[in-house]
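For ligands, and for the atoms within them, numbers begin at 1 and follow the listed sequence.
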Amino acid sequence: MTNLRIPGPTPCPDVVLKEMGRQMINHRGPEFKKVLFDVTDKLKQVFKTKNDVFVLTGSGTGGLEAAVVNSFSPGDKVLSVSIGVFGDRFAAIAKEFGADVIDLKYDWGKAADAGEIREALNKEPAIKAVLVTHNETSTGVTNDLAGISSVVKESGKLLVVDAISSLGSIELPIDKWQCDVVVTGSQKGWMVPPGLTMVSVSQQAWQANAEATMPRFYWDFAKAKSYIEKGQTPWTPAVSILFALDVALDMIIKKGIDTIIAHQAHIAQMTRDGVKALGLSLFADEKYASNTVTSIAAPDGLDVIKMLKILREEHDTVLGGGQQHMAGKIFRIGHLGWITEEDINMVLKSLTIALPQAGVEIGD
Ligand SMILES: *Cc1c(COP(=O)(O)O)cnc(C)c1O
């Protein structure tokens, strides 16, 4: 089996894949109702929230768009805290729909500073909400969301979180950290194929929703809420992926979400220690290094594209490259979802062979 170690899509266990092959059912019938209710209840348990949770058909970016259009009106001031590609994308969505976005950007590889977020909020009291990425997949950095939340909540603003590559893998107790809208995606830490985005919506987010006038049709939370009361979704959902998510959540709950979070932290530490032992340097500020994706700075002389090709063709191992201006400058090992120590040991072993072939001597 290919050692697919990109930060999504991630490998799926056989029991999950088997569910994908089930015969179709009526998405307006009792059998689907049970699946939707079960999945929603299990998600609330794993998300540690009593807020509404919706399973929407679409990729994570669709969930981000849903979060924006359901919370704001054109002209609303929002503070965008961006530490990389996905933070920039969140801001771009808000701009596209007419929000007045104030950008707080950080150098890639760094985490956001809660004190600076407080300053930005104090400087512009009309800001309604803060958009933030919990785990920036493009750089392998995890923001201190608890610290950011406490600053945002000092002033009672709405906290809208892209947790696409963290929820289910990195600690994020939604209610305890008072996150108003939180978005994740099935193909990241959930051991499920791409196609679903799961979002939670707080009471304060519903208050914002009641006033929000950005255009929305497919992504309307109010429609999702009125349908889930009947055990349905407004539009035909990705039924097969819901079947898959149902059994993946059983596996997660059986193991225990806290056990999984600790396992991901252990695997991430092992990965960081392993790449450093090869003489490589981490790209992310290690204090904030992500437990779902490790980014590695390409040393002088390393041809990243060539290395990725060797790994793919000769070791059946797929790693991620750098995105946008980081292309060729970093590479990334995804270790979210279904993963064992052996998977990482195999990556490290393959790197030992591929690195010298792609231009760098190792271990010096
Ligand atoms: C993967 C990812 C996205 C984009 O999700 P898609 O499912 O590709 O639309 C957005 N934000 C973060 C942090 C991600 O990891």
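With ligand atoms numbered from 1 in the order given, ligand 1 contributes 13 (C), 15 (O) to contacts under 4.0 Å with heavy atoms of Ser165. Listed by number with element, the atoms of ligand 1 under 4.0 angstrom from any heavy atom of Arg89 are 4 (C). Shown in contact with Ser59 at under 4.0 Å from a heavy atom are these atoms of ligand 1, numbered in order with element: 6 (P), 7 (O), 9 (O). Shown in contact with Asn135 at under 4.0 Å from a heavy atom are these atoms of ligand 1, numbered in order with element: 13 (C).
A donor-acceptor pair shorter than 3.5 Å can be found between the side chains of Thr184 and Trp190.
Residues Lys306 and Glu314 are not paired through a salt bridge, judged by the lack of any N-O separation under 4.0 Å between the basic side chain and the carboxylate. A salt bridge is absent between Lys48 and Asp175; no separation between the charged side-chain nitrogens and carboxylate oxygens falls under 4.0 Å.
Residue-to-ligand polar distances keep Leu64 apart from ligand 1: every N/O pair is separated by 3.5 Å or more.
At distances below 3.5 Å, at least one donor-acceptor pair connects side-chain atoms of Arg332 with backbone N or O atoms of Gly321.
A distance of 8.5 Å separates NZ in Lys42 from CG in Leu245, rounded to the nearest 0.5 Å. Taking CG of Asp100 as the reference point, atom NZ of Lys95 lies at 10.0 Å (rounded to 0.5 Å).
Looking from atom 1 (C) of ligand 1 to the surrounding protein, the closest heavy atom is Lys188 NZ, 1.5 Å. Here the heavy atom of the protein found nearest to atom 11 (N) of ligand 1 is Asp162 OD2, 2.6 Å. Ranking protein heavy atoms by distance to atom 8 (O) of ligand 1, first place goes to Gln187 NE2, 3.9 Å. What sits closest to atom 10 (C) of ligand 1 on the protein, heavy atoms only, is Phe86 CD2, 3.2 Å.
Residue pairs satisfying the ring-ring contact (aromatic ring centres under 6.0 Å, His included) criterion with at least one member in residues 241-266, sequence neighbours excluded, are absent.
Checking Thr137, Thr61, Val183 against atom 13 (C) of ligand 1, the nearest heavy atom belongs to Thr137.
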